[in-house]
Amino acid sequence: GQQVMQIPQYQHVQEGEDFTTYCNSSTTLSNIQWYKQRPGGHPVFLIQLVKSGEVKKQKRLTFQFGEAKKNSSLHITATQTTDVGTYFCAGPRSGYSTLTFGKGTMLLVSP
Amino acid sequence: GAGVSQSPSNKVTEKGKDVELRCDPISGHTALYWYRQRLGQGLEFLIYFQGNSAPDKSGLPSDRFSAERTGESVSTLTIQRTQQEDSAVYLCASSFGGGVNQPQHFGDGTRLSIL
């Protein structure tokens, strides 16, 4: 079935370094959502991208949707320990009214 | 509270027993979703309810899994004859309206452990 692939699976950075996670689909997506799950917590909605080439910023977080609407990225500038968690992208399941989630990128930030 | 509420927060049971998990969505949210998250893994879609429409059961892994929803309120996920591979966190989410454009609001989940 249709899948949304995320890379890397895991990244460990020093506080202050930048971080990027990538989300790729084999099919064109009408939209993509990003969620963050803190250790021991539940996923929390961050943002939705809809337009081709769209770029949105939330403080140190920058979200991009590719021109072909098949890929997306989340970039964090100057990571902080509060950024620790797993970041998931989610796109529409082909033929359904629900989302399929990527396996997530786990971010660990050392002080 | 204003969030999605799930109970119990933890459930330990013996293999072969039936379990029932409960989800109370945010008031006014017509869409409700159940997901399974195995340790260190992503979210596996199980079932989706939207208003009075027939539920999308395409993610249920076997006929041991079923779910009900009363109107636009509480939902229960039932697992019959539990197996060890059913051990996971079961997350419920709700959204204001269905479809793929609505942000989903998640509960804290039920951590299910099968001995």
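Residue numbers begin at 1 in each chain, while the letters A, B, ... track the order of the sequences.
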Taking only heavy atoms into account, what residues of residues 47-81 of chain A are found under 4.5 Å from chain B?
A:Q48
Below 4.5 Å, heavy-atom pairs only: which of A:G40, A:P43, A:G41 has the largest tally toward chain B?
A:P43
Counting heavy atoms not belonging to A:Y10, are there more than 12 under 6.0 Å from its OH?
yes
Is the count of non-hydrogen atoms from other residues, nucleotides or ligands lying under 6.0 Å from A:Y22 atom OH greater than 12?
no
What verdict does the side chain to side chain contact (heavy atoms under 4.5 Å, CB included) test give for B:F106 and A:Y35, after you've listed the backbone C-alpha separation in whole Å, the side-chain angles of each residue and the deciding distance to 0.1 Å?
CA-CA 10 Å; B:F106 286 81; A:Y35 291 77; 3.8 Å; yes
Grouping I, L, V, M, F, W and Y whenever their side-chain heavy atoms are under 4.5 Å apart, do B:L91 and B:V4 come out in a common cluster?
no
Let's go through A:S30 and B:V100 carefully: what are the C-alpha distance in whole Å and the side-chain angles of both, what is the deciding distance for side chain to side chain contact (heavy atoms under 4.5 Å, CB included) to 0.1 Å, and is it a yes or a no?
CA-CA 9 Å; A:S30 60; B:V100 298; 4.2 Å; yes
hydrophobic_cluster_shared for B:I47 and B:L21, side chain cutoff 4.5 Å
yes
Minimum heavy-atom separation for B:Q37 to A:F88, with atom names?
NE2-CZ, 3.7 Å
Which ILVMFWY residues are connected to A:V44, directly or by a chain of links, through side-chain heavy atoms under 4.5 Å apart?
none
Can you confirm whether B:L39 is buried at CG, in the sense that more than 12 heavy atoms of other residues, nucleotides or ligands lie under 6.0 Å from that atom?
no
Single-linkage hydrophobic cluster, 4.5 Å side-chain cutoff, A:F45 and A:Y87 together:
no
Please list, chain by chain and in numerical order, all residues satisfying side-chain contact (heavy atoms from CB on, under 4.5 Å) with B:S5, sequence neighbours excluded.
B:D24
Quick one: does A:Q33's side chain have a donor or acceptor within less than 3.5 Å of a partner on B:Q102's backbone?
yes
Chain A: which of B:S58, B:G99, B:G40 shares the most heavy-atom pairs with it under 4.5 Å?
B:S58
If every non-hydrogen atom of A:R93 is compared with every non-hydrogen atom of B:D56, which pair is closest and at what distance?
NH1-OD2, 3.5 Å
Does B:E14 have more than 12 heavy atoms from other residues, nucleotides or ligands lying within 6.0 Å of its CD?
no
Is A:Q9 close to chain B through its backbone or its side chain, or both, or neither, when contacts mean heavy atoms under 4.5 Å?
neither
Would you say the ring centroid of B:Y35 lies under 6.0 angstrom from that of A:F101?
yes
Residues 68-80 of chain B vs chain A, non-hydrogen distance cutoff under 4.5 Å, contacting residues -> none
Could you grab the distance from atom CD of B:Q104 to atom OG1 of A:T98, nearest 0.5 Å is fine?
8.5 Å
Quick one: do B:L60 and B:F45 end up in the same hydrophobic cluster if we chain Ile, Leu, Val, Met, Phe, Trp and Tyr together by side-chain heavy atoms under 4.5 Å apart?
no
Is there a path of hydrophobic side-chain contacts, each under 4.5 Å between heavy atoms of I/L/V/M/F/W/Y residues, joining A:M106 to B:L43?
no
